[in-house]
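Numbers restart at 1 for each chain; the letters A, B, ... are given by sequence-line order, proteins then strands.
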Amino acid sequence: MRAGRRLAPYAFALPALALFAAFKLYPILRSFVLSLHRSVDGADTFVGADNYVRLLHDPLFWTALKNTGVVLVIQVPVMLALATGLAVALNSRLLRARAVFRLGFFLPMVTGLVAYGVVFAVLLNEKYGLVNWLLQGIGSDAVPWLTDPLWAKISLALALTWHYTGYNAVILLARLQSVPAELYDAAAVDGAGPWRAFRHVTLPGLRPALLLTVVLSTIGTLQIFDEPWILTRGGPDNATLTIGVYLYQNAFSYFDFGYASAIAYALAVLIGLLGLVQFKVLGDTS
Amino acid sequence: MTLTRRDVLRTTGALAAGSGLTGLAACSGSGAGSGDNGSAGSPDRGEISVWSWAGPAAELRALLPAFNAQYPDIKVTVEDIGNPAIWDKITTGLAAGGAGLADVLHIGVDYLPGYVEKFPGGLADLSQLGADQYKDAFAQGLWATVSPTGKRVNALPWEANSAGFYYRADIFERAGVDVKSLDTWDDAIEAGKVVKAKTGTYLLGIDKPASVPDAANFFQLLLQLQGAFYFNLDGAITLDSAEAVKAMTIIKQLNDAGLVADASGGWNALISSIKAGTSAVLPYPTWFGGIIEETVPGEKGKWGVRLPPAVRRGGSTAATVNSTHLAIAGSSKHRAAAWKFVEFALTRPASQVKIYQEKGIAPALMKAYDDPVFHTPSEFFGGQQKAEVFLAALKAPSPAYNYSADYARALKVVTDAQTKVLLKGADPAEVLKQAADQLARQTGRKVVR
């Protein structure tokens, strides 16, 4: 009876564990094994670390890494600054119909990735897109949104910002609401203006949420696939090739599953390292 | 992406996200299908499914009443998977050892060698079902495509598309250019300058930033007109051959002269540009004639068709630029019944004639061309006998091209090279050399120079 009671929790956890093992653990281990193989005449042949060595000498992998890095360094800070501003605004007692605004900014997150990618592709089409039609309506030249290497990067950043700013703002807003109002009152008594209150009360209060959004955005950015795939397919001339897109191409266009798995593992390690660094730098040391 | 984020919230964060990704690339099995072992089922009964896309799927479905009159106990379901979605679906099915695949698969020449090489046994050997008897029934070069070793037969050819040159006769007329006099692409460039100056119309359109992989279609056409390709028959890379440099140079000359419209944006943009009359020429293969007719029915009589000019004076104007095929999954339990359907659709002239009449899909089956429908004037194309133009090309000597298992990679480096030429004015010889070297690094194949 007692032994039965002791085993009961394990019995209840077993289905979940079995599912986790089958659908998470197995693919993860299998893909590692796969990353040590190469398909030769249709048969998987063990090649040791060859795929990883190849990765180091692959200019396209480095291009993908660089492109992803550019988004990480430029788009993510801009988006998080916007999200912070938005969270503060949405938290303001001066704002009427706050729920409507919150919903409005969060709504893009609900939109399916493919659906919004397609909508952006249509909007930004150089010849037939609404955006250029409007621009030309006010006398501006048509912008090669998706067909010029630089503009393609900008378009990608715009799409990502539109989609994820509201999501991050909601996380920050939730944290903001837990910052005690007394702190602001105390700051006001000490003569702090809005900017000082923001710097010395809001920002420190937001620290854990900021860390979370930074880490989540970093991980999300490193994995970007849907947007560049639908908007530009990684082009033109690999200007928006991301690691996710390169991984997909290798697996499903080139059937090079071993190499794709090696890319996935390189990315996993990269994400792990970046995550750790961010926790160290931004984390609460106390 | 969202799912991963939730995982991260629950755990410490970083490594869990990486693990979600590694799982993505793990959905490959060893790659082998069940092969040809076991029973092929009954040839007269069974339920089979067929995967194709859009027009061809509709046409295969339209054959079913006639098929079932002959084989009442074979139930066929034709599914329109969509193109390019069908390639991912077949790939994942083959990688999963054939699980979930349809019995009959419609496969383009660009994917067939890759599937065969990467997934041995994934497709059934049709020679065991009697395909060999049709060895000489199809257009030249196609048997080598479906049976490269001469032993296994991986598929049966369906459509064979020749390089074509669809043009707006009215625009050329307005510009005072005789289209028939264009013997070479150099002539076409000169004519294009006149057309652009007098009518403002571009000579042709290319997807300059390569928004879709087939942005290299025109380059490939110019290559194949010279009997060349990305690989030689031994599988070595020939991407920076003199022929390839010549082809890319023609594209650069056209672009530098301002004769190339940017046709980026894939299919929808292409259709829009046809409606808008952006280009005077559509250098597309056989099947595209039907698309033009469907897109701008009001322009009846304003269009003409001919074979493309040669790359060099006196060179060939005929090239079989692509083909599609029906294969049978190695994992199919009803291979015999599936074969009956494939045989009915592809080796019976009446089936192919019906498909041509409905959708303009050009048969690979040479006997189909005996039908008068291929020899009647087309009102849309100014009374020309359109099908005869392409039939002449199909009958011309046509080499077999080795698409190899690395065609998708080759296409990628070619489209990147072309984009560099078109958007940045890069030197054709230089970008093609870089492309060939990169492809060699990626695939371990040798470059032949």
Side-chain angles (χ1 to χ4, degrees), chain A residues 24 26-28 30-32 34-35 39 41-44 57-60 113 121 125-128 146-149 152 212 215-216 219-220 223-226 232-233 235-238 244 247-249 251-255 257 260-261 263-265 267-276 279, chain B residues 1-2 4-5 8-9 12-15 17-28 30-32 87-88 91-92 94-95 114-122 208-213 215 262 264-265 268-269 272-273 276 405-406 408-409 412 415-417 419-420 423-424 438 441-442:
Chain A
K24 280 269 181 188
Y26 172 73
I28 291 167
R30 177 87 182 95
S31 76
F32 181 68
L34 214 55
S35 77
S39 169
D41 295 331
D44 282 349
H57 297 102
D58 181 353
L60 274 185
L113 286 167
N125 185 292
E126 190 178 343
K127 281 196 215 80
Y128 312 104
L146 303 173
T147 53
D148 174 82
L212 181 72
V215 173
L216 290 183
I219 295 168
Q223 296 186 25
I224 297 178
F225 169 74
D226 310 69
T232 53
R233 285 201 166 235
D237 192 20
N238 301 311
L247 187 161
Y248 180 88
Q249 285 175 341
F252 298 105
S253 300
Y254 312 149
F255 313 133
F257 294 106
S261 297
I263 296 173
Y265 263 88
L267 185 52
V269 169
L270 203 68
I271 289 173
L273 286 177
L274 268 177
L276 285 177
F279 270 104
Chain B
M1 210 176 280
T2 320
T4 318
R5 290 183 174 194
V8 173
L9 279 168
T12 50
L15 283 167
S19 69
L21 241 181
T22 46
L24 174 67
C27 37
S28 141
S30 61
W87 312 122
D88 288 350
T91 306
T92 36
L94 287 171
Y115 289 150
V116 170
E117 199 171 307
K118 301 277 178 179
F119 309 105
K208 293 184 184 183
S211 58
V212 288
D262 182 10
S264 62
N268 291 340
S272 303
S273 83
D406 290 314
R409 274 194 198 279
K412 169 74 178 141
T415 50
D416 286 350
T419 300
K420 286 190 184 92
L423 296 185
K424 299 174 182 167
Q438 189 180 327
R441 267 198 308 275
Q442 287 177 336

Colleague: Non-hydrogen atoms of chain A under 4.5 Å away: do they reach the side chain of B:T415, the backbone, both or neither?
Modeller: neither

Colleague: Using non-hydrogen atoms and a 4.5 Å limit, figure out which bit of B:D88 sits close to chain A: side chain, backbone, both or neither.
Modeller: side chain

Colleague: Within the distance-only criterion (no hydrogens, no angle test), does the side chain of B:D262 pair as donor or acceptor with the backbone N or O of B:K208 below 3.5 angstrom?
Modeller: yes

Colleague: Under 4.5 Å from any heavy atom of chain A, what part of B:Q438 do you find: side chain, backbone, both or neither?
Modeller: side chain

Colleague: Rounded to the nearest 0.5 Å, what's the gap from OG on B:S273 to NZ on A:K127? Could you check?
Modeller: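 Answer rounded to 0.5 Å: 7.0 Å.
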
Colleague: Please report the closest heavy-atom contact between A:G235 and A:A152, naming both atoms and the distance.
Modeller: O-CB, 4.1 Å

Colleague: Is it the side chain or the backbone of B:N268 that comes within 4.5 Å of chain A heavy atoms, both, or neither?
Modeller: neither

Colleague: Highest number of heavy-atom pairs under 4.5 Å with chain A: which of B:A408, B:A405, B:A417, B:G114?
Modeller: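 Between B:A408, B:A405, B:A417, B:G114, the count favours B:A408.
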
Colleague: For A:Y254, is it the side chain, the backbone, both or neither that has a heavy atom under 4.5 Å from a heavy atom of chain B?
Modeller: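 Both parts, backbone and side chain.
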
Colleague: Determine the minimum heavy-atom distance between B:S211 and A:R233, stating which atoms define it.
Modeller: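 Heavy-atom minimum between the residues: O-CD, 3.5 Å.
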
Colleague: So, B:K412 and B:D416, do they make that salt bridge, N to O below 4.0 Å?
Modeller: yes

Colleague: Rounded to the nearest 0.5 Å, what separates atom CZ in A:F252 from atom CG in A:L247?
Modeller: 8.5 Å

Colleague: What residue, out of A:N125, A:D237, A:I263, has the most heavy-atom pairs lying under 4.5 Å from chain B?
Modeller: A:D237

Colleague: Among A:D148, A:T232, A:N238, A:L270, which has the most heavy-atom pairs under 4.5 Å with chain B?
Modeller: A:N238

